[in-house]
Amino acid sequence: MINLANISKGKWIVTSAWPYVNATPHLGNLIGSTLSADVFARFLRMKGEEVVFVSGSDSHGTPISVEAKRLKVPAEDLAFKYHKIIKDLHEKWQISFDNYTITHNPTHIEYVKNMYLDIQKNGYISEKEIESLYCENDNLFLPDRFVEGTCPHCKDDGARGDQCDKCQKILTPVELIRPRCAICENTPVIRKTKHWYLDLPKLQDRLNKLIDENEIIPTNARQMCLNSIAEGLPERAITRDLEWGIPAPFEGAENKTIYVWFEAVLGYITAVKEWADKLINKSDKFDYFWKDPNTKTVYFIGKDNIIFHLIVFPGLLMAYNEDKKGSDKLVLPYNVSSTEFLMYENEKFSKSRGIGIWIDDALKLAPLDYWRFSLIFNRPETSDTSFLWSEFENNIKTLNDNIGNFIHRTLTFIEKQFNSKVPEKIEYDEIDKKFIEKVNNISPDVGESLLNFKLRKAIRDIVNFGKEGNIFLNEKAPWHLIKKDKKAAGHVFNICAQAVYALAILLSPFIPETSEKILSYLNAPKLTESSWDSINENFIKAGQSIKKPIPLFQKLEIEEIKKEYKELKEKKPKEGEKELISYDDFQKLDIRVALVEKVEKIPKADKLYKLTVSLGTEKRTIVAGLAEYYKADELAGKKITILANLEPRKLRGILSEGMLLAADYEDTVSILVPDKDIPAGANVK
RNA sequence: AGCGGGGUGGGCUAGCCUGGUUUAUGCCGCAGGGCUCAUAACCCUGAGAUCGUUCGUUCAAAUCGAACCCCCGCUACCA
């Protein structure tokens with residue numbers, strides 16, 4: 001546990017996972033990375049710590065180059081266009097980045113190249129001329145998984161280029177007996193190609209130590225990493241035969257780029273550099289943060305990124321640091337706060353299926369602070385958590401009825417009964433003392449939770465504090481006191497005003513807009529001039545005038561919002577609308593009725609059936625992903641429709657000679673069957 | 001199939017690392033009561049859980065260990 005008292009003023013680099021430039025983030029992306037990081041960064045700033053908070057768009061992925069080709073525009077233009085959209089969205093969510101950049105920037109590209117040259121100089125990059133399989137038909141080097149063949153160990157014919165599923169042995173593609181291209185089934189030829197590898201095995205003991213000794217890494221991350229280190233880390237290729245990306249700086253690697261994952265993580269370094277050089281024009285601030293061994297670097301990510309942040313990234317830092325003097329070393333990670341996943345009503349967020357809420361739509365449905373509050377309130381810290389509309393409604397009810405109501409009843413009472421001036425305090429009685437103690441202790445308590453990355457506990461403690469305020473008011477019943485003893489009633493509201501101030505400060509990392517509002521009602525200094533530690537029983541002075549308050553929150557009409565959400569979603573599919581095709585195009589499809597003769601479950605594949613179907617004159621084998629939706633005997637004997645002239649493709653070692661047609665909507669999958677009895681082989685048009 | 005996470009009252013959830021201080025926490029919902037300053041908000045009381053199952057360790061297990069069942073995710077794969 002980290003105790004507040006032990007923390008002196010320090011330097012922090014706070015970062016969050018880099019959103020892919022080609023997709024609008026959804027609520028799950030946001031809560032795992034940027035929003036959590038923002039709360040943490042805002043808290044540290046309130047504590048008076050020195051903080052630089054950076055992230056950016058990950059621009060060098062394949063999807064963007066594919067789309068750019070399709071639209072016939074430069075990948076760069078497309079990346080910047082999307083980057084701007086994502087950047088604006090994060091501003092709308094009030095994510096307080098010091099620098100939100102993009103990996104396609106000169107600072108990053110230069111730094112990455114130099115860093116890899118240093119890593120190479122330090123002996124952590126091996127160059128391997130490997131014999132790789134090249135498909136002359138498809139004109140490309142085949143990645144491991146695109147090669148199939150016979151396993152040299154167990155002689156199973158379904159082995160893939162990286163592993164044999166049957167005997168679980170790790171393979172390389174050239175080991176395979178009788179290899180074939182998974183795309184076209186042709187036999188590939190062996191060609192020599194060079195790749196550059198990061199020597200993780202050489203680093204694994206040090207990495208193990210780093211992770212093992214760090215007590216605050218969440219258990220999900222720690223388990224996963226220690227486990228994979230124990231299994232032995234492989235050397236990993238850092239170059240790819242792709243065009244879009246950062247050119248590999250190694251001699252002889254002219255046509256290769258650095259694999260996105262191996263450069264995006266370095267953005268944490270370069271984004272700070274860019275910030276120092278270009279945004280604040282103090283280049284020395286880069287070393288000041290990154291090269292001080294006492295700087296604490298914190299990475300907020302979803303669990304899918306754990307390995308790259310706790311193994312690859314620190315590995316790169318260690319390799320780079322090797323020949324550097326103490327004052328020139330980049331600091332190793334202090335913590336990686338990895339969340340589990342956010343689900344949407346118990347389902348996975350899915351762009352293609354339209355399941356979930358995206359961060360642009362969310363803001364059309366409810367005010368920003370409602371989302372920020374609710375997402376943190378249900379942050380998936382220890383297990384996957386669902387976004388449920390009912391919980392959202394519930395959370396906002398809590399925010400409104402506890403915190404909002406306590407603040408409002410305090411402020412309106414002062415406004416109406418004390419002419420908008422905070423009244424004087426008199427002697428504390430026992431009830432007062434109990435509550436005052438809570439006021440004095442709340443900021444260290446919440447601060448400790450935050451420093452231990454327990455954001456969810458922190459916000460829940462604040463809600464609880466609001467409830468205590470309401471209990472205090474009810475116990476004291478100043479609305480009775482005021483009839484006999486106005487001073488006694490005023491005393492109560494002096495104390496409550498302190499609590500209202502406390503709430504404004506406590507809520508500031510979570511819902512900054514609301515915090516500002518509360519401070520303005522109290523005529524207290526703005527957030528930028530306030531401090532986390534300013535909360536105490538005497539901060540708000542008697543006699544200070546306040547403004548007439550307007551309720552901070554409203555309850556949600558959840559049914560209305562759900563309706564709007566549905567409307568938004570129905571408009572959406574435009575993006576995915578398919579272009580018009582000609583009748584000729586359609587004619588290319590050979591769709592036919594087929595009779596299912598035999599249905600077999602494919603071993604080691606949860607979703608697949610092997611169907612033997614008859615097209616009247618010929619028999620075909622078709623692999624279909626229906627096992628979750630149909631029982632084998634429900635399919636046997638049925639007439640179905642298939643696309644008969646689809647390129648054959650191997651699935652789980654079985655050649656599928658066509659595609660079964662089925663309608664798919666949310667959870668329902670329905671095979672398409674002819675309405676009347678019609679012979680197998682009949683054409684569909 | 002491999003890896004990771006999880007199963008706690010009707011719903012959501014805390015506690016689990018560091019066994020006893022919990023008659024298992026809190027919120028919503030439900031039943032009853034109180035208050036009327038406040039956005040019908042607030043406060044109090046009550047009902048409701050053999051803490052997935054079984055075995056084991058222990059004076060003591062929701063908490064530690066084993067096995068099993070189920071759920072979720074990642075990877076494979078879903079033509």
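Naming: A, B, ... by sequence-line order, numbering from 1 per chain. Only heavy atoms go into these numbers, but all of them, side chains included; no hydrogens, no water, no symmetry mates.
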Summary of protein contacts for nucleotides 31-37 of chain B, nucleotide by nucleotide, where a base hit scores B, a sugar-phosphate-only hit scores S (4.0 Å, heavy atoms) | ---BSSB
Check A:W371, A:F377, A:Y370 against A:F373 for a ring pair (Phe, Tyr, Trp, His ring centres under 6.0 Å) and give me the one that passes.
->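 Only match with A:F373 under ring pair (Phe, Tyr, Trp, His ring centres under 6.0 Å): A:F377.
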A:S386 side-chain N/O to A:Y344 backbone N/O, donor-acceptor pair under 3.5 Å =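 Not at all, since once roles are kept as given, no pair shorter than 3.5 Å links the two residues.
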Ignoring hydrogens and angles, tell me if any N or O in the side chain of A:N452 forms a donor-acceptor pair with the backbone of A:E448 under 3.5 Å.
->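 Indeed, once roles are kept as given, a pair shorter than 3.5 Å links the two residues.
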Which nucleotide in the set [options] lies at the smallest distance from any side-chain heavy atom of [X]?
X	options	answer
A:M343	B:G73, B:C42, B:U13	B:G73
A:F553	B:U39, B:C43, B:C74	B:U39
A:E391	B:A41, B:G6, B:G11	B:G11
A:P551	B:G73, B:U39, B:C12	B:U39

On the nucleotide [N], are OP1 or OP2 found under 4.0 Å from the side-chain N or O atoms that [X] carries?
X	N	answer
A:K467	B:C43	yes
A:H408	B:U39	yes
A:K555	B:A41	yes

Base, sugar-phosphate alone, or nothing: which one does [X] contact when heavy atoms must sit under 4.0 Å apart?
X	value
A:D304	nothing
A:R222	nothing
A:V623	sugar-phosphate
A:N400	base
A:F406	nothing
A:T382	sugar-phosphate
A:K457	nothing
A:L552	base

Does a side-chain N-to-carboxylate-O contact under 4.0 Å join A:R456 and A:E381?
->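 No salt bridge links A:R456 with A:E381.
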Under a cut-off of 3.5 Å for both distances of each Watson-Crick or G-U pair, what dot-bracket string does RNA chain B give, using [ ] for crossing pairs and | for inter-strand pairs?
-> (((((((..(((.......[.....))).(((((.......))))).....(((((..]....))))))))))))....
May I have the distance from [X] (atom [atom1]) to [N] (atom [atom2]), rounded to whole angstrom?
X	N	atom1	atom2	answer
A:N394	B:C27	CG	P	11 Å
A:F341	B:G73	CZ	P	10 Å
A:I471	B:A38	CD1	C1'	16 Å
A:N305	B:U75	CG	P	11 Å
A:K348	B:C71	NZ	C1'	16 Å
A:I376	B:U13	CD1	P	17 Å
A:N402	B:A40	CG	P	15 Å

When you look at A:D384 and A:K303, which way does the salt bridge (Lys or Arg N to Asp or Glu O under 4.0 Å) test go after all the steps?
-> CA-CA 10 Å; A:D384 291 344; A:K303 65 176 167 184; 3.1 Å; yes
Which whole number of Å gives the distance between the C1' atom of B:G19 and that of B:C64?
->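 That atom pair is separated by 7 Å.
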Indicate, with yes or no, if the rings of A:F387 and A:W389 have centres closer together than 6.0 Å.
->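 Judged by ring-centre distance (under 6.0 Å), A:F387 and A:W389 do meet the cut-off.
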